[in-house]
Structure formats: structure tokens, C-alpha cells
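Have a look at the structure below before the remarks.
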Amino acid sequence: MRIGTYNMVNQIYGSKSTKKSSSVSGTNYASFKDEVSFSSMGKDMQVAKNALAGVSDVRESKISELKARVQSGTYSVSPEAFADKLMSAYKAQSI
């Protein structure tokens, strides 16, 4: 941080010092509290995040079915269908 920048900011806002109040014995000071509040949307997002944390990213039923078809040799891909999907993905990326 540049010191010159700090001085400019300090000139704009002025130097406001915080006063601490002391008791008669001089040992107690006024306390300052920081507060945090979360919106309902933030709370909802945290609930959703926690719910999704326990769910697997892989659908085992689909994977096991495909593995079985590949191993048995019954899995086949239509070249036309593959080319169509490839071209549509290419078009979607280039836009």
C-alpha cells in the first residue's frame, strides 16, 4: 500500500479517532462488537450446498449398465448420431 494513497484517503474522510471510555479504576474499556447477518437466500444456498454434499456425482446404475453392455459387446454408437451431437456441440461453443 502506498503511503501517499493512505494520506489522501485520510484527508477525504478526516481522521476520526475512536474514544475508549475508561472506568474509575482505568481497567475497563468500551467494547466494540462486529456483527454478521446472512440473507435468507444465503441461508437457503447453504442448506442446498449441505444437501448436495452427500449426493454422489456418479449415477452408478447408468455406469454399471453401460459397463456391462461394453464388456458384452452389445454397446454400439450410431456414427450419424455421434456426428450430429458433435456438430451441435461445436456450433454451441462457437457462438
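We're numbering straight along the sequence, starting at 1. This is a predicted model, so every value here is computed, not measured.
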Set of residues satisfying side chain to side chain contact (heavy atoms under 4.5 Å, CB included) with respect to Val58, sequence neighbours excluded
Ser56, Glu60, Ile63

Considering residues at least two apart in sequence or located in another chain, which fulfil the side-chain hydrogen bond (donor to acceptor under 3.5 Å, both in side chains) criterion with Ser39?
none

Excluding sequence neighbours, so at least two apart, what forms side-chain hydrogen bond (donor to acceptor under 3.5 Å, both in side chains) with Asp57?
none

Which pairs would a plain distance check flag for residues 40-50, meaning a side-chain donor or acceptor within less than 3.5 Å of a matching protein atom at least two apart in sequence or in another chain?
{"unit_1": "Gln46", "atom_1": "NE2", "unit_2": "Asn50", "atom_2": "OD1", "d": "3.4"}
{"unit_1": "Asn50", "atom_1": "ND2", "unit_2": "Gln46", "atom_2": "O", "d": "3.3"}

side-chain hydrogen bond (donor to acceptor under 3.5 Å, both in side chains) with Glu65: which residues, sequence neighbours excluded?
none

Side-chain heavy atoms under 4.5 angstrom apart, residues restricted to Ile, Leu, Val, Met, Phe, Trp, Tyr: same cluster for Val77 and Leu86?
yes

Mind jotting down which residue pairs meet the side chain to side chain donor-acceptor pair (under 3.5 Å) criterion with at least one end in residues 66-78? Sequence neighbours excluded, please.
Ser72-Thr74, Ser78-Glu80

